[in-house]
Amino acid sequence: MEEAVNSTIDPACLQEPPLAIDVIKQLDVFGVCLYSILTFMSCISLLLYLEQCVYIYKKLPYPKKTTIIWINGAAPVIATMSCFGMWIPRAVMFTDMTSNCYFAVVVYKVLVLMVEEFGGSSVFLDRFSDKAFRINTGPCCCCCPCLPRVPMSRRMLFLLKLGALQYAILKTVLSILSIILWTNGNFDLSDLEITGTAIWINPFIGVLTIISLWPVAIIFMNTNSFLRSLNIIPKYAMYQLILVLSQLQTSIINILALDGTIACAPPFSSQARGSMLSQQMMIMEMFIITVVNRFLFRRTYDTLPSEVDLHGISACCILYSLAV
């Protein structure tokens, strides 16, 4: 009975992802048009980013310009890596991990940007020192309104930065380890056995991701009212959208492919076809986000005035009104 069932399965559905030349040979007219358009979109995303880097480098002061360049690069880097993964299916392991490692650094840079918008760590601490910060934010504690507020201090700010930075470091280390194990045949995303390495590494990376997102959410929820004039809310929304699309969407598609919901289509196995669909969707989505980010970040802003300056301005206004 098992032999009869196995005989109906195309051998290509059980093979490794095809080579790039095999992908090119099986493309029809629609496939050629689709691949050409997606490649063009990824190239435009990269060119827009490079032009944006030149503008930011000339117009913004250090260190804010390096932070914004990092954050702006998330969408075009993911789009470029997805384009490589689309054309070279066997390189998906490397392209996905490159994108994820870059975005891990972006998570930390988003926190740094919000602090730098106030003028840096020293000015930030002068403004919010001993002020109570809400910590019942997502993704960890959004359902815990009973958590006490924590006063902001130098130590608190250091812990928040460390919480975001650990993901950038450990994600890179675990990605390199995963590639080493993969080359030796010990890392396989489809291996869900308790003895497999993927079943241990991936959940641990998920925990690190949640821990890193929490400090960023704490800073945003407690400071976004001061940064509205700098479009911090749409900027943060774009960062969250990249997170959802690059992490959650990709994970859902991979699970559907492993479950067999995404059908095999020779020369692509179910897993390879799911990965291909994920890469194609990612290119289109990251292209749109790149264009939106261009309008959000292509502006120069003055440093926000401190509370002392605000009080001074208010006093001057009052004196002027009395004099008049």
Side-chain angles (χ1 to χ4, degrees), residues 17 20 23 31 33-56 66-89 91-111 113 167-168 171-172 175 205 209 212-213 216 231-257 262 272-299:
V23 174
C33 294
L34 177 62
Y35 272 57
S36 300
I37 293 173
L38 293 177
T39 303
F40 177 75
M41 293 173 72
S42 64
C43 291
I44 292 297
S45 298
L46 189 59
L47 291 175
L48 288 175
Y49 170 62
L50 294 176
E51 189 272 337
Q52 182 82 331
C53 288
V54 174
Y55 176 85
I56 292 172
T66 57
T67 303
I68 293 180
I69 287 173
W70 266 100
I71 296 174
N72 266 274
V77 166
I78 294 174
T80 303
M81 290 297 104
S82 297
C83 184
F84 283 123
M86 178 183 69
W87 283 103
I88 311 174
V92 166
M93 181 78 174
F94 298 91
T95 57
D96 283 354
M97 288 190 173
T98 301
S99 299
N100 292 334
C101 289
Y102 187 96
F103 186 75
V105 178
V106 170
V107 173
Y108 171 71
K109 290 295 183 179
V110 170
L111 186 149
L113 176 64
Y167 180 54
K171 171 63 179 177
T172 304
S175 295
I205 292 177
T209 305
S212 69
L213 297 178
V216 182
N231 289 333
I232 194 62
I233 294 178
K235 290 176 183 177
Y236 188 80
M238 289 297 103
Y239 146 77
Q240 289 281 317
L241 185 59
I242 295 174
L243 170 68
V244 171
L245 295 176
S246 64
Q247 305 296 321
L248 185 60
Q249 174 184 274
T250 302
S251 299
I252 292 174
I253 293 177
N254 288 336
I255 291 172
L256 293 176
I262 297 178
R273 184 163 179 251
S275 178
M276 178 193 66
L277 294 175
S278 176
Q279 309 298 325
Q280 293 175 347
M281 293 172 61
M282 201 71 66
I283 292 173
M284 293 184 287
E285 294 159 352
M286 294 302 121
F287 172 76
I288 296 173
I289 292 175
T290 300
V291 175
V292 174
N293 278 343
R294 174 182 169 83
F295 291 101
L296 290 177
F297 286 93
R298 195 178 178 82
R299 295 177 63 187

> Can you list the residues that meet the ring pair (Phe, Tyr, Trp, His ring centres under 6.0 Å) rule with Tyr49, with sequence neighbours excluded?
Replying inline: none

> Under the salt bridge (Lys or Arg N to Asp or Glu O under 4.0 Å) rule, what pairs show up with a residue in residues 34-54, not counting sequence neighbours?
Replying inline: Glu51-Arg294, Glu51-Arg298

> Is Met276 close to Val23 at the side-chain level, that is, under 4.5 Å between some pair of heavy atoms?
Replying inline: no

> Step by step, would you call Ile78 with Ser82 a side chain to side chain contact (heavy atoms under 4.5 Å, CB included)?
Replying inline: CA-CA 6 Å; Ile78 294 174; Ser82 297; 4.0 Å; yes

>> side chain to side chain contact (heavy atoms under 4.5 Å, CB included), that's the test. Do Leu213 and Leu243 meet it? Break it down for me.
In response: CA-CA 10 Å; Leu213 297 178; Leu243 170 68; 3.5 Å; yes

>> Holding to side chain to side chain contact (heavy atoms under 4.5 Å, CB included), I want the full list of residues that pass it with Ile255, two or more places apart in sequence or in another chain.
In response: none

>> Testing Thr66, Ile68, Thr67 one by one against Ile56 for a side-chain contact (heavy atoms from CB on, under 4.5 Å), which residue passes?
In response: Ile68

>> Tell me if a side-chain donor or acceptor on Thr95 pairs with a main-chain N or O of Val92 at a distance below 3.5 Å.
In response: yes

>> So, applying side-chain contact (heavy atoms from CB on, under 4.5 Å) with Lys109, which one of Val107, Leu113, Val105 is it?
In response: Val105

> Does Asn72 have any side-chain hydrogen bond (donor to acceptor under 3.5 Å, both in side chains) partners at least two apart in sequence or in another chain, and if so, which?
Replying inline: none

> Taking only residues two or more places apart in sequence or in another chain, which ones pass ring pair (Phe, Tyr, Trp, His ring centres under 6.0 Å) with Phe94?
Replying inline: Trp182

> Among pairs that include at least one residue of residues 238-249, which meet side-chain hydrogen bond (donor to acceptor under 3.5 Å, both in side chains), considering only residues two or more places apart or in two chains?
Replying inline: Asn100-Gln247, Tyr236-Gln240, Gln249-Glu285

